[in-house]
2 protein chains.
Amino acid sequence: MAAAVRTSVWLDGKTTRSRKTSQPATGLDRQKITEATVRLLDAEGAAKFSMRRLAADLGVTAMSVYWYVDTKDDLLELALDQAMGEVVLPDESVDDWRTHVRQLAVNYRKLLVTHPWVSPLVGEFLNVGPNAQLFSTAVMNVMKASGLSPRHQAGGLAAVFQFVYGFGTVEGHFLDRCARAGMTQDEYFARAMSAVSLNPGLDAMMEQSRDLMEARGGETVEEMRDRDFDFALEVLFAGIEAMGGRPGPSTP
Amino acid sequence: MAAAVRTSVWLDGKTTRSRKTSQPATGLDRQKITEATVRLLDAEGAAKFSMRRLAADLGVTAMSVYWYVDTKDDLLELALDQAMGEVVLPDESVDDWRTHVRQLAVNYRKLLVTHPWVSPLVGEFLNVGPNAQLFSTAVMNVMKASGLSPRHQAGGLAAVFQFVYGFGTVEGHFLDRCARAGMTQDEYFARAMSAVSLNPGLDAMMEQSRDLMEARGGETVEEMRDRDFDFALEVLFAGIEAMGGRPGPSTP
DNA sequence: ACCTGAACACCGTTCAAGT
DNA sequence: ACCTGAACACCGTTCAAGT
């Protein structure tokens with residue numbers, strides 16, 4: 001007989017486990033537990049999150065949570081999909097596909113930055129909860145409108161959204177490090193740069209970095225990152241058009 | 001006084017902690033410990049890795065490792081940089097920049113896929129070890145040769161290598177899941193698809209997926225992914241060229 | 001200089017028991 | 001139906017002690 005492999009809460013999990021009694025003892029609830037999880041992950045980070053910590057936050061014993069959720073991983077999947085629901089999807093009845101892609105890209109980036117714990121989970125789990133599926137559908141629809149041939153849509157989609165995933169992931173982690181170290185982004189950046197420059201035998205590396213910094217002008221770290229993100233999106237749009245996508249409204 | 005914030009083994013860590021005695025008691029060594037760590041992470045995954053597990057593998061008591069390494073995080077940073085060293089860098093004296101970028105992209109993807117534990121660490125740590133710096137230097141050099149203006153090189157770099165990071169990350173995790181479930185990629189994929197299709201109220205979503213699958217033809221999951229990756233790289237090259245990069249050898 | 005053992009403050013999860 | 005307490009098999013790390 002086939003091995004009982006667990007794939008996801010959404011696929012193998014028991015249905016909702018919602019409360020059956022009208023007079024609850026503690027007022028607990030899958031939704032409430034998920035919300036508390038997201039709140040704790042935001043506030044204290046994934047490293048500090050635990051079932052016991054969560055239970056304490058809910059004013060309940062550690063094991064009560066297990067009535068509503070099978071494992072910690074299941075709970076993380078629920079939190080992941082909850083967060084995915086924050087990505088606002090474009091209204092496809094207006095504007096062109098570039099605007100839609102940009103909106104999705106910007107909003108997906110925002111999700112990864114405001115919830116740095118999300119990106120490891122996206123990699124780790126199948127991410128097929130209801131909100132994730134709405135997001136996927138929106139992404140696929142928007143690529144359909146790109147003018148790329150069906151054969152090429154998946155590749156174009158990957159180019160754009162894996163880029164955003166990578167970009168938002170390192171950005172989110174960096175912001176997280178800054179916050180936990182109690183520094184601004186620019187302070188942390190300067191500190192890391194100067195520490196690196198103290199290392200021996202890295203003249204070539206440092207030269208590169210310095211050149212790049214100067215070329216970027218005197219902006220803040222955040223401004224540079226925003227500009228890099230915007231330019232990368234322009235590269236992707238131009239590339240999709242060159243590979244058979246619908247031309248933009250104005251390509252001067 | 002400034003807070004004593006730990007940034008990285010490479011920046012704040014004690015230097016090398018190499019052995020001073022000629023007659024070692026156990027033959028332990030930073031390098032040996034790092035290699036054992038990589039081997040265990042590959043074989044059993046990040047979730048199962050622990051200092052105690054590592055010590056057992058080295059035939060030593062759990063706390064011996066702490067003589068060579070301050071914390072588990074430091075050890076993970078060492079393992080990360082060790083893995084980064086596997087990315088073979090292009091010989092920049094031959095071929096054009098596209099070939100170099102492609103080589104770096106393909107090799108970086110390979111790293112992320114063969115060591116799925118690497119990608120969370122890339123996000124989590126500064127990744128400024130010696131091998132990481134060699135990699136960064138190579139990436140920056142190669143972008144310099146792209147013909148993009150200095151102002152735009154960082155954005156172009158992000159577009160390409162954050163894409164590869166995202167792509168390799170989800171690919172690596174997927175392969176990992178398949179291996180641990182004892183299924184082939186195609187089996188696992190079919191299973192997930194059919195499980196998703198059992199969910200209620202997802203007709204629109206499924207329709208999309210089915211269309212996409214048919215458009216992809218009857219290839220295996222691996223073939224589809226390779227094709228998507230190659231096409232995405234073509235999109236990026238075309239986009240970089242359109243935004244001011246050096247034209248390719250032949251653009252028919 | 002290098003390694004050990006005991007101990008501390010944690011984990012996720014199981015299970016029998018309560019109401 | 002829902003919640004608790006005790007227990008099991010783990011963690012990372014500290015610290016005093018050994019050689």
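Below, chain A is the first sequence line, B the second, and so on; all start at residue 1.
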Revision key, fill the gap. For B/S64 and B/Y68 the tightest heavy-atom approach is O-CD1, 3.8 Å

Can you measure [X] atom [atom1] to [N] atom [atom2] for me and round it to whole angstrom units?
{"X": "B/K48", "N": "C/dC11", "atom1": "NZ", "atom2": "P", "result": "22 Å"}
{"X": "B/R52", "N": "C/dG5", "atom1": "CZ", "atom2": "P", "result": "13 Å"}
{"X": "B/D73", "N": "D/dT13", "atom1": "CG", "atom2": "C1'", "result": "12 Å"}
{"X": "B/R53", "N": "D/dA9", "atom1": "CZ", "atom2": "P", "result": "18 Å"}
{"X": "B/K72", "N": "D/dC11", "atom1": "NZ", "atom2": "P", "result": "9 Å"}
{"X": "B/L54", "N": "D/dC10", "atom1": "CG", "atom2": "C1'", "result": "16 Å"}
{"X": "A/L75", "N": "C/dG12", "atom1": "CG", "atom2": "P", "result": "10 Å"}
{"X": "B/M63", "N": "D/dG18", "atom1": "CE", "atom2": "P", "result": "19 Å"}

Which nucleotide in the set [options] lies at the smallest distance from any side-chain heavy atom of [X]?
{"X": "A/Y68", "options": "D/dC2, C/dT13, C/dC3", "value": "D/dC2"}
{"X": "A/Y66", "options": "D/dT14, C/dT13, D/dT4", "value": "C/dT13"}
{"X": "B/S64", "options": "D/dG12, C/dT14, C/dT4", "value": "C/dT4"}
{"X": "B/T61", "options": "C/dC3, C/dT4, D/dG12", "value": "C/dT4"}

Practice item. Verify the ring-centre separation between A/Y165 and B/F167: is it less than 6.0 angstrom? Key: no

Lys/Arg-Asp/Glu bridge criterion (N-O < 4.0 Å) met for [X], [Y]:
{"X": "A/R52", "Y": "A/D57", "result": "no"}
{"X": "A/D74", "Y": "A/R6", "result": "yes"}
{"X": "B/R177", "Y": "A/E124", "result": "no"}

Point to revise | Atom P, compared across D/dA9 and C/dA9: separation rounded to whole Å | key: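 Here D/dA9 and C/dA9 have their P atoms 22 Å from each other.
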
Review point. Heavy atoms under 4.0 Å, any strand shown: does B/M51 hit a base, just sugar-phosphate, or nothing?
Key: sugar-phosphate

Practice item. Respond yes when some side-chain nitrogen or oxygen of B/W67 is under 4.0 Å from OP1 or OP2 of C/dC3, and no when none is. Key: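 Answer is no, no contact under 4.0 Å.
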
Practice item. Look through every strand shown and name the nucleotide pairing with D/dG5 as Watson-Crick or G-U wobble, where both distances are under 3.5 Å. Key: C/dC15

